[in-house]
There are 2 protein chains.
Amino acid sequence: MVTAQDVADLAGVSRTTVSYVINGSNLISEPTKKQVMKAVKKLGYHPNLPARALAGGKMGFIGVAVRIDSSTNIVELYPHLSSIIAETESHNSNVILIPGQEGIEGIEKVTRQATIDGLLLFDIGLKDDRLSSIESMNLPCVMVGTTESTTTLPSVDVDYASIVRQQIDDLIRVGSQEIIFVDNKSSDANYYNFAKAFSIDGPRYCTSRGISSSTRYIENRHWQGIESVTSDIQTWKGRKVGIAIRTPAILDLMTASMRFNNLELGKDIPLVAVCADDFAQAQPTPITNIDPLADACSLTAVNILYSMLSGKEQPQLRTLLTPHLQRRKSTASKCYQ
Amino acid sequence: MVTAQDVADLAGVSRTTVSYVINGSNLISEPTKKQVMKAVKKLGYHPNLPARALAGGKMGFIGVAVRIDSSTNIVELYPHLSSIIAETESHNSNVILIPGQEGIEGIEKVTRQATIDGLLLFDIGLKDDRLSSIESMNLPCVMVGTTESTTTLPSVDVDYASIVRQQIDDLIRVGSQEIIFVDNKSSDANYYNFAKAFSIDGPRYCTSRGISSSTRYIENRHWQGIESVTSDIQTWKGRKVGIAIRTPAILDLMTASMRFNNLELGKDIPLVAVCADDFAQAQPTPITNIDPLADACSLTAVNILYSMLSGKEQPQLRTLLTPHLQRRKSTASKCYQ
DNA sequence: TTGTAAGCGTTATCAA
DNA sequence: TTGATAACGCTTACAA
């Protein structure tokens with residue numbers, strides 16, 4: 001193993017000087033810096049992370065506490081993960097996955113073990129017990145999501161209330177007089193803000209705009225539920241129903257089922273989904289969508305976390321991203337004609 | 001922070017004794033052990049991982065080098081990941097994700113930094129440069145996949161050649177005289193063994209059984225390609241075509257497209273897919289499938305890695321799991337009648 | 001069966 | 001601007 005001492009010997013300086021150079025202190029003269037860097041390159045030196053951490057520095061790991069189980073909608077999780085990994089990488093540290101199922105214990109464990117510098121917390125609940133524990137642990141932490149619990153942890157989220165309003169507005173624009181919200185069975189409106197926005201704020205907004213609405217929950221990727229919705233719609237044609245879908249997990253099957261039932265999206269019936277742009281574009285009928293900006297969300301969260309770690313500035317307590325509707329064929333023009 | 005010294009003080013023993021107890025030495029008397037464990041519980045002591053690693057012990061991290069990008073089929077990756085996380089958890093260590101795109105550099109970095117105890121290597125190529133580098137790094141490593149490169153690293157994989165044969169056999173059983181293999185565009189038969197099994201061994205086996213075959217590549221989850229296959233099939237009814245699908249990524253859309261084209265699976269046309277059992281079962285027509293045992297595969301790999309880390313036994317060099325076909329409605333009886 | 005003491009590679013403090 | 005030295009918390013010979 002190449003140590004700082006080896007580098008120091010080769011460069012003809014002391015271990016301390018090497019440490020200064022590595023950590024970017026500017027108390028070192030340029031020539032010395034160059035000397036040291038040359039030796040670092042030559043020997044292929046990489047600081048030993050455990051040693052660095054033990055000596056009080058940073059470990060170079062950030063934890064990502066996220067629930068991954070069979071009900072996980074991986075299509076939604078993936079952009080978060082990949083964006084976190086990429087950004088973390090560019091900060092020269094690594095990602096540790098902490099299974100969200102373990103709750104606060106899993107987080108406490110890695111924290112006590114001194115293995116993570118900071119935490120990205122997913123699956124935030126409207127009431128979330130973990131938050132106060134984390135605060136008392138003094139662990140730099142950014143939430144991705146929205147809570148109603150009082151907390152001083154900074155958070156990043158997408159404005160789901162706005163998303164739902166945009167969906168409804170666009171459906172009404174093409175003539176809908178009744179909205180059907182379709183979501184996963186696993187979305188708990190009592191626990192998750194996005195589910196609440198969809199199942200409570202959505203219908204409320206419909207009422208305020210003078211139209212009726214109802215909500216259907218579908219078991220993840222299962223055909224039966226989807227077909228039952230579609231066949232119902234079949235009989236509702238006269239009622240000018242518009243569809244608002246919350247998750248890509250069911251979108252493609254839904255659109256497939258529509259086709260099978262000879263319902264043409266954007267003509268017989270309008271539909272607006274919450275999903276990534278490319279996913280919406282790739283459907284047989286391109287779907288008007290609102291991209292939930294998962295990557296931007298996570299990217300922001302990571303950067304806030306790093307700004308906390310570097311301790312320079314006070315982080316913004318709440319960052320709310322507002323995504324915008326992208327109109328495509330499924331609401332291109334007046335429907336029900 | 002609770003240190004081993006604190007525990008020692010409370011338990012009335014020395015730091016050393018605490019260390020022995022924690023690390024499961026059996027040189028310590030039962031009563032002392034109990035004393036110590038009581039103190040550990042009471043204080044909520046967790047060993048400081050950096051310190052432990054620095055002192056020569058294990059870091060408690062295993063790296064998972066896996067490519068995650070926009071072409072990643074998350075449906076296939078997920079069971080691997082979740083099974084690794086769960087099993088790693090039970091070995092009291094954590095998972096670090098190493099972006100596979102970085103190639104050997106990413107792995108070298110974490111290794112030089114002394115942050116991982118072992119490595120699970122995914123996306124193994126038939127020719128894979130990384131293997132020799134990893135061997136020379138003396139990093140305990142288990143491959144998940146199959147290579148043709150010479151290496152002493154142990155590997156775990158599923159017998160894809162057998163999978164393809166089982167698919168073909170079942171299709172022939174119900175009357176197919178021509179097989180269409182359908183796969184992702186991104187599957188590179190020159191690089192990945194599973195792709196090769198499908199695009200080379202499969203057609204070869206068809207020939208040996210006296211029937212013809214062809215292969216179609218579909219861009220991930222894109223309708224256009226899928227519909228072109230389905231509409232082709234429409235015109236081929238007389239030719240007794242059977243469908244073999246390699247990845248769940250396109251299965252549900254394929255079956256949806258079949259319905260839309262009024263082709264009834266298991267009656268007009270038989271189909272056998274490689275996908276998880278529950279996924280096959282959840283299709284509108286339950287699909288005869290071969291579960292690629294992703295979770296068993298990863299579980300085995302993790303356990304082999306830990307047996308290497310504990311240094312007890314020489315690991316088995318190659319573990320090949322053979323999955324079995326589960327017959328469902330899509331090949332329940334003679335087709336084309 | 002338990003304790004003493006050396007060392008792991010780094011950073012931080014302080015002196016030169 | 002640089003160098004010596006003391007932590008950091010743990011493991012592991014070796015001694016008792």
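We name chains A, B, ... by the order of the sequence lines, and we start the count at 1 in each one. None of these values were measured; they are calculated from a predicted model.
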Original post:
How many Å lie between CD on A/Gln5 and P on D/dT2, as a whole number?
Top reply: 17 Å
Original post:
Does anything in residues 98-114 of chain B pair up under salt bridge (Lys or Arg N to Asp or Glu O under 4.0 Å), and if so which pairs, sequence neighbours excluded?
Top reply: A/Glu89-B/Lys109
Original post:
B/Ile22 CD1 to D/dT12 C1': how many Å, rounded?
Top reply: 16 Å
Original post:
What's the verdict on side chain to side chain contact (heavy atoms under 4.5 Å, CB included) for B/Ile98 and B/Leu119, showing C-alpha distance, side-chain angles and the deciding distance?
Top reply: CA-CA 10 Å; B/Ile98 305 170; B/Leu119 180 67; 3.9 Å; yes
Original post:
With respect to B/Val18, which candidate in B/Val7, B/Ile28, B/Leu10 satisfies the side chain to side chain contact (heavy atoms under 4.5 Å, CB included) definition?
Top reply: B/Val7
Original post:
Between the main-chain N or O of B/Thr146 and the side-chain N or O of B/Asn193, is there a donor-acceptor pair closer than 3.5 Å?
Top reply: no
Original post:
For the side chain of B/Asp295 and the backbone of B/His80, is there at least one donor-acceptor N/O pair under 3.5 Å apart?
Top reply: no
Subject >> Partner residues of A/Lys42 under the salt bridge (Lys or Arg N to Asp or Glu O under 4.0 Å) criterion, sequence neighbours left out >> reply: none
Original post:
Expressed in angstrom and rounded to an integer, what is the separation of B/Asn23 atom CG from D/dC10 atom P?
Top reply: 10 Å
Original post:
Which of residues 28-37 of chain B sit near DNA chain C, with a heavy atom under 4.0 Å from it?
Top reply: B/Ile28, B/Ser29, B/Thr32
Original post:
Does the side chain of A/Thr16 come under 3.5 Å of the side chain of A/Ser19 through a donor N or O and an acceptor N or O?
Top reply: no
Original post:
Among all residues two or more places apart in sequence or in another chain, which pass the side chain to side chain donor-acceptor pair (under 3.5 Å) test with A/Ser93?
Top reply: A/Tyr306
**OP:** Using five base pairs at each end, measure the axis-to-axis angle across the helix from C/dT1-D/dA16 to C/dA16-D/dT1 and round it to 10 degrees.
**Re:** 30°
Original post:
How does each nucleotide of nucleotides 3-9 of chain D score, in 5' to 3' order, for protein heavy atoms under 4.0 Å: base (B), sugar-phosphate only (S), or none (-)?
Top reply: BBBB-BB
**OP:** Under the side chain to side chain contact (heavy atoms under 4.5 Å, CB included) rule, what do B/Arg52 and B/Ile22 come out as? Steps first, then yes or no, please.
**Re:** CA-CA 11 Å; B/Arg52 165 181 283 180; B/Ile22 294 294; 3.6 Å; yes
Original post:
Given A/Val302, which of A/Val64, A/Val95, A/Ile84, A/Val156 fulfils the side chain to side chain contact (heavy atoms under 4.5 Å, CB included) condition?
Top reply: A/Ile84
